[in-house]
Amino acid sequence: MEIVILETAEQVARRASDMVCRQLARKPDSVLGLATGSTPVALYAELIRRHHHGEVSFRAATTFNLDEYVDLPPTHPQSYRHFMDHVLFHHVDIDPSRTHVPRGDAPNPVQEGPAYEALIAAAGGIDLQILGIGTDGHVGFNEPTSSLASRTRIKTLTRQTVEDNSRFFSPEEEQPLLAITMGIATILEARRIVLMATGVNKAGAVAAAVEGPLSAMCPASCLQLHPKATVILDRPSASALRQTDYYDWVLRQQDEIARRHGDPR
Ligand code: PGA
């Protein structure tokens, strides 16, 4: 696992954006796995900025989002489809028909999981997956005790996640308690993974994911199994890690190699 600790959330967004842009430069028809939540919003804003400066194009790209609330139609203002349209898709040159978000309002939500898996497989699998992390260590909506072998399916959200996400819902709105999420095995099949975290409220989850045991109790610890996983953190979200000197030292060596010989990451 590559651990990149930067000073600010803006630097985290720029670094993640560098990775997305390098991926699209290498392979313009890349399949990107995308995440919702507050953390990746700065990444999407940076990608839009670079797109407007002609630095990146999504024309040939395909995207798959991690998850969606069950029962919310795509037009619902709190749906993740609506969120993605507004924070990214409407502002770049992506073909809307190649942007995928699980259908929360599928007639049979149980069948939506295997159908979504089939779509990902038909697109050739995910080249680069963006992840956030929940305060309980979830990735996508794979809550603690989710099987490390899980596939896309319906999950019941924890009370903690419902509480964390209540800030997006007004008091009179009914907040969904179920979601369709890519599974942990689905996520681990991505060829590269970038997990972003910012803010001290993520410090415990980040430390458990990076330095704790591989455990279904911290779903993000699944990244320990992945050969090309990068964790990009700001200082506050890295504050409970024990080996920060080592990560900083490794990063300096890697950046120096990239400066001299080109970046293989
Ligand atoms: P956040 O959510 O970026 O809004 O903190 C992250 C997550 O729940 O995966």
Side-chain angles (χ1 to χ4, degrees), residues 6 8-13 15-17 20 32-47 63-70 72 77-84 86-88 101-102 104 126 128-146 150 152 155-169 175-184 186-188 190 193-210 216-223 226 229-240:
L6 303 169
T8 67
E10 293 72 32
Q11 289 172 331
V12 170
R15 185 93 180 190
S17 174
V20 173
L32 303 176
L34 300 179
T36 50
S38 316
T39 313
V41 171
L43 161 64
Y44 300 144
E46 178 63 13
L47 288 171
T63 65
F64 287 91
N65 263 79
L66 284 166
D67 44 22
E68 179 61 282
Y69 288 118
V70 168
L72 293 197
Q78 302 306 338
S79 74
Y80 285 165
R81 158 57 72 181
H82 185 270
F83 178 93
M84 288 307 300
H86 286 83
V87 300
L88 182 64
V101 180
I126 292 171
L128 174 65
Q129 175 69 55
I130 303 293
L131 295 177
I133 182 170
T135 56
D136 63 0
H138 72 208
V139 282
F141 273 134
N142 294 287
E143 300 286 27
T145 71
S146 286
S150 51
T152 307
K155 278 298 290 179
T156 303
L157 307 182
T158 59
R159 288 179 200 281
Q160 174 77 53
T161 298
V162 171
E163 199 179 302
D164 285 350
N165 289 356
S166 62
R167 67 192 193 277
F168 297 114
F169 291 83
Q175 192 180 344
L177 305 179
L178 300 178
I180 299 177
T181 180
M182 280 189 204
I184 293 178
T186 322
I187 290 169
L188 288 177
I193 299 181
V194 175
L195 183 145
M196 306 168 67
T198 57
V200 71
N201 63 328
K202 299 291 174 66
V206 165
V210 172
M217 279 306 288
C218 178
S221 68
C222 73
L223 295 194
H226 197 280
T230 301
V231 177
I232 310 181
L233 306 169
D234 66 354
R235 281 285 158 200
S237 67
S239 58

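Ligands are counted one by one from 1 in listed order, and the atoms in each one are counted from 1 as well. The figures here come from the full heavy-atom set of this structure, side chains too, leaving out hydrogens, waters and symmetry mates. In this chain, residues are counted from 1 in sequence order. Please read all numbers here as calculations on a predicted model, not as lab measurements.
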Strictly distance-based, threshold 3.5 Å: is any side-chain N or O of [X] a donor or acceptor partner for the main-chain N or O of [Y]?
| X | Y | value |
| --- | --- | --- |
| Lys155 | Glu143 | no |
| Glu68 | Arg81 | yes |
| Thr181 | Phe141 | yes |

Check whether the side chains of [X] and [Y] place a donor and an acceptor atom closer than 3.5 Å, and report yes or no.
| X | Y | answer |
| --- | --- | --- |
| Asp234 | Thr198 | no |
| Ser166 | Gln175 | no |
| Ser38 | Arg167 | yes |

Between the protein and ligand 1, are there any N or O atom pairs that come within less than 3.5 Å of each other, and if so, what are their names and distances?
unit_1, atom_1, unit_2, atom_2, d
ligand 1, 3 (O), Ser38, N, 3.2
ligand 1, 3 (O), Thr39, N, 2.9
ligand 1, 3 (O), Thr39, OG1, 2.5
ligand 1, 4 (O), Ser38, N, 2.8
ligand 1, 4 (O), Ser38, OG, 3.2
ligand 1, 4 (O), Arg167, NH2, 3.0
ligand 1, 5 (O), Lys202, NZ, 2.5
ligand 1, 8 (O), His138, NE2, 2.6

